[in-house]
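Here the structure comes first, spelled out in structure tokens, and everything after it is commentary.
Quick note on labels: first sequence line is chain A, next is B, and so on, each numbered from 1. Predicted model, so just to flag it, every value in this text is computed and none were measured.
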Amino acid sequence: MGVFYHFGKYLILLRNSIRRPERTKMYVKRLFREMNEVGVKSLGIVALIAVFLGMVTTLQTAYQLIVAWIPVTVIGEIVTETSILELSPTITCLVLAGRVGSAMASELGTMRVKEQIDALEVMGVNPASYLVFPKILATVIVIPMLVVIAMALMISSGAFIGNNSGIVPINDFLQGAQSIFKEKVFIFSLQKAYTYAFVISSISCYQGYYTQGGATGVGKASTRAVVWSCVIILFADYILAQLLL
Amino acid sequence: MIELKNLQKSFGDLSILKGVDAVFETGKVNMIIGASGSGKTVTIKCMVGLIEPSAGDVLYDGRSVLELGLRDKKKLRQEIGMLFQSAALFDSMTVEENVAFPLRMFTKQPESEVLDRVNFCLKRVGLENRNKLMPSEISGGMQKRVGIARAISMDIKYLFCDEPNSGLDPKTALKIDHLIEEITDEFNITTVVNTHDMNSVFEVGDKVVFLYNGKKLWEGTPDDILNTEVEELKDLIFASRFIRRAYGV
């Protein structure tokens with residue numbers, strides 16, 4: 001019963017958020033602000049994680065695979081395939097669920113408890129479309145870009161550390177990477193990124209928008225946003241792999 | 001003029017408003033008073049459309065909110081200004097952006113006219129040259145004044161104030177009360193103030209409606225209120241030792 005109630009409420013929020021805006025210019029301004037919040041401000045953490053994941057994946061793959069009869073190009077193949085297919089979209093989005101999701105839920109939650117959402121409603125502004133839609137759209141535009149950046153950084157950092165530690169020369173690494181690269185896999189990874197971006201933003205906005213009960217409520221909404229986003233991302237990861245691969 | 005006709009609101013089995021009838025006249029500061037939990041906030045939220053009443057109607061100059069279509073409702077909302085208990089300023093915007101928000105959202109005025117209107121409203125509430133400050137950089141009383149400036153930035157006909165004095169010292173509270181009274185006279189609007197501050201009632205109230213357990217138990221002027229025979233209202237008025245001593249009760 002509780003699950004259906006929340007799912008119904010979530011769908012109503014999504015429906016209300018796609019209603020025609022009162023003044024498009026104001027919404028566009030808000031969209032750019034959200035793209036900056038979600039994208040530019042997440043770049044640092046995404047880059048940091050991608051670089052370290054790329055390096056660790058290379059070292060661990062080499063540790064498991066270095067035997068005389070396996071060509072070293074295989075390390076490049078594995079690191080590239082793993083980075084594109086799983087690590088970049090899933091790990092990046094799990095991290096962003098923590099950073100972006102909690103920020104969205106706490107911003108909307110604070111607006112709710114401080115009556116700012118009520119103020120918008122009294123003015124005649126549709127708060128769902130003014131507050132929620134730009135967040136969802138910005139996230140769906142920006143997160144796939146972050147995922148592509150993460151892919152590039154993971155592969156390059158993997159190649160760099162492989163070369164510097166003497167495990168695999170950079171040319172062999174890149175040869176492996178080029179030989180394994182498939183457009184289909186890249187597109188699948190982007191499909192994952194779009195799905196996760198929608199999951200993170202819509203769930204976090206839902207949790208924040210319906211916050212109840214002051215500062216404690218904001219904290220709870222923020223926690224629920226992160227937990228549910230992560231759970232749904234992992235679930236969607238499995239479903240997408242089953243359906244699309 | 002705003003009329004409430006048999007306004008009722010229940011949350012599940014819990015009945016909050018049990019049929020409230022009242023008339024709030026134009027150009028007057030109408031006070032809704034009552035103890036905490038008496039239904040004041042629910043009444044005001046039903047009036048501005050934040051809560052759907054379970055039964056009854058609200059009429060704005062004869063226009064029933066039940067009969068208004070979506071477009072007319074939106075139009076009506078642009079005639080309504082509201083000062084919230086917490087001022088409800090948008091944290092991410094400056095004072096100027098907060099006041100300009102309704103103008104930028106609903107009018108097609110050029111930016112220069114928007115800024116002129118913002119400056120006029122801020123000057124009217126005594127906050128000229130504070131345009132670029134963030135809400136977190138100004139005091140609670142100033143935030144309330146910015147809230148009033150935002151409410152009057154559009155050509156409103158109705159002003160609602162939910163506990164405008166909460167969290168303010170008596171002197172600042174008095175300033176806010178007088179500002180509300182002056183704006184009501186100057187713009188000839190219908191003002192409804194929700195309060196349990198008896199100082200406000202005696203200072204600026206033109207008409208008082210007393211709610212008790214979701215029912216209207218009394219209405220009249222602040223001058224009549226001291227002679228009331230309604231025990232529940234007496235309990236509210238003379239709750240403080242200071243007022244009992246002042247009026248020799």
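- For B:Glu186, the CD atom sits in a packed shell: over 12 heavy atoms of surrounding residues, nucleotides or ligands are nearer than 6.0 Å.
- Between A:Val122 and B:Arg77, the closest side-chain pair of non-hydrogen atoms is not below 4.5 Å.
- Atoms CG and CZ, from B:Leu70 and A:Arg19 in turn, are 7.0 Å apart once rounded to the nearest 0.5 Å.
- When heavy atoms are compared at a cutoff of 4.5 Å, B:Phe101 approaches chain A by way of both its backbone and its side chain.
- In this structure, B:Phe11 places its CZ atom where more than 12 heavy-atom neighbours from other residues, nucleotides or ligands lie under 6.0 Å away.
- The 12-atom threshold is not exceeded at NZ of A:Lys220, counting heavy atoms of other residues, nucleotides or ligands nearer than 6.0 Å.
- Here OG of B:Ser86 is found 4.0 Å from CD of A:Glu115. Values are rounded to the nearest 0.5 Å.
- Heavy atoms closer than 4.5 Å to chain A are found in the backbone of B:Thr107, but not in its side chain.
- For the residue pair B:Met105 and A:Arg23, the shortest heavy atom distance occurs at O-CB, 3.5 Å.
- With a 4.5 angstrom heavy-atom cutoff, B:Leu89 touches chain A only via backbone atoms.
- More than 12 heavy atoms of other residues, nucleotides or ligands sit less than 6.0 Å from atom OH of A:Tyr27.
- Within 6.0 Å of NZ in B:Lys9 there are more than 12 heavy atoms belonging to other residues, nucleotides or ligands.
- Note on B:Lys73, B:Arg150, B:Met82: by heavy-atom pairs under 4.5 Å with chain A, the leading option is B:Arg150.
- Residue contact with chain A, scored on non-hydrogen atoms closer than 4.5 Å, is absent for B:Lys75.
- Of the atoms belonging to B:Gln85, heavy atoms from both backbone and side chain fall under 4.5 Å from chain A.
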Side chain to side chain contact (heavy atoms under 4.5 Å, CB included) evaluation trace for B:Phe84 with A:Lys114: CA-CA 9 Å; B:Phe84 286 85; A:Lys114 289 176 86 178; over 6 Å; no
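- The number of heavy atoms from other shown groups lying within 6.0 Å of CD (A:Glu183) does not exceed 12.
- Other residues, nucleotides and ligands contribute at most 12 non-hydrogen atoms within 6.0 Å of the CD atom of A:Gln212.
- Contacts of A:Met123 with chain B are made by both backbone and side-chain atoms, with heavy-atom separations under 4.5 Å.
- More than 12 heavy atoms of other residues, nucleotides or ligands shown are found within 6.0 angstrom of CZ on B:Arg63.
- For the pair A:Arg33/B:Ser92, a side-chain contact is recorded, criterion being any heavy-atom separation below 4.5 Å from C-beta on.
- Contact count versus chain B (heavy atoms, under 4.5 Å) is highest, among A:Ile117, A:Asp118, A:Val125, A:Thr110, for A:Asp118.
- Annotation: the span from B:Leu50 atom CG to A:Glu121 atom CD amounts to 5.5 Å, rounded to 0.5 Å.
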